[in-house]
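Nothing here was measured: the structure is a model prediction, and the numbers come from that model. Indexing begins at 1, ligand by ligand and atom by atom, following the structure's order. Numbering of residues begins at 1 and proceeds along the displayed sequence.
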Amino acid sequence: MSNTVLLCAPIHFDVIYSINPWMIGEPVNSAVALEQWFRLKDTLEEWGVDVKLIGQVGNLPDMVFTANAGTVRGNKVVLSNFKFPERQPETDVYERWFKKEGYETYRLPKKYSFEGCGDTVVSEDKMFAGYGVRSDLGGIRRAAKILDLELIPLKLSHDSFYHLDTCFCLLNNQCAMYYPGAFTPSALKKLRKHIPDLIPLDVHDAAHFAANSVVYQENRVLMPAGPQKIVEELDIRGVEVTHINTSEFLKSGGSLQCMTLWI
Ligand code: ARG
């Protein structure tokens, strides 16, 4: 697994439009947002993660959610085709950054929607991918093909859990936390087939974005503040949980994993 992440400091972060049910226009405290983001960055660096940064562009408030830039495997990156026009200009900015860093960048045909690591998790030669709310089936199929990964398509069915990383978090290739209420019955079947130890999140923990945790080396998890029951479940499994308050980013429907792209 990579030891490098891409982050974007929330210099121009705000909620100025609404493209998911969490974005109800609650005012963002910019100073608090910056403090919360620094806690994420500092903790990753303390753990020995190499942190790279991209500068935020003024009129792109959601650029802080770097997980949505694309999906990376080795030197290749499939860039996102954002569903909503508000975020579409981000793709050019991310493309320039990846090209400058020497990555081979791929763009999907315009008719497909694909939101990168918001909807995809790569584990060895498999790609778990959510579709149906933001990314579509055509988008995840093309991305898996370019990256030469076996696709496990998981249809999402709940508007509040609009990206896979809001309802599914892989701890290792045997174990994941997930919110059952976010998946269709056939997606649940696939999850059971591929992951032996599936830990369900209750609605309280799911709504506090427990699944939007950053996993490091299987036994370290950075989790948004608020979830309760899942912390005990992880403790039983020897996973060490560190909490970070992400109140400001939740106003945009995002949290720690959304702000972190492993590259
Ligand atoms: N406001 C952003 C959006 O709706 C939040 C994105 C969160 N990112 C994620 N990977 N879940 O697009």
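No continuous path of hydrophobic side-chain contacts links I146 to I152 [ILVMFWY only; heavy atoms under 4.5 Å].
Any N or O atom pair closer than 3.5 Å counts here, and S252 shares at least one such pair with ligand 1. Here's the thing with D62: one of its N/O atoms is less than 3.5 angstrom from an N/O atom of ligand 1. Not one N or O of T166 is nearer than 3.5 Å to an N or O of ligand 1, by distance alone.
In this structure, of M23, E90, R87, the residue bringing a heavy atom nearest to atom 6 (C) of ligand 1 is R87.
Put simply, the residue from Y162, F209, F249 that forms a ring pair (Phe, Tyr, Trp, His ring centres under 6.0 Å) with W22 is F209.
Although no hydrogens or angles enter the test, the distance criterion places a donor-acceptor pair under 3.5 Å between the side chain of N20 and the main chain of S252. At least one donor-acceptor pair under 3.5 Å links the side chain of Q56 to the backbone N or O of L60. Of the possible donor and acceptor atoms, one in the side chain of N3 sits under 3.5 Å from a partner among the backbone N and O of G48.
Using a 4.0 angstrom heavy-atom cutoff, W22 does not count as in contact with ligand 1. At least one heavy atom of R134 sits under 4.0 Å from some atom of ligand 1.
Among all non-hydrogen protein atoms, the one lying nearest atom 9 (C) of ligand 1 is C258 SG, 2.8 Å.
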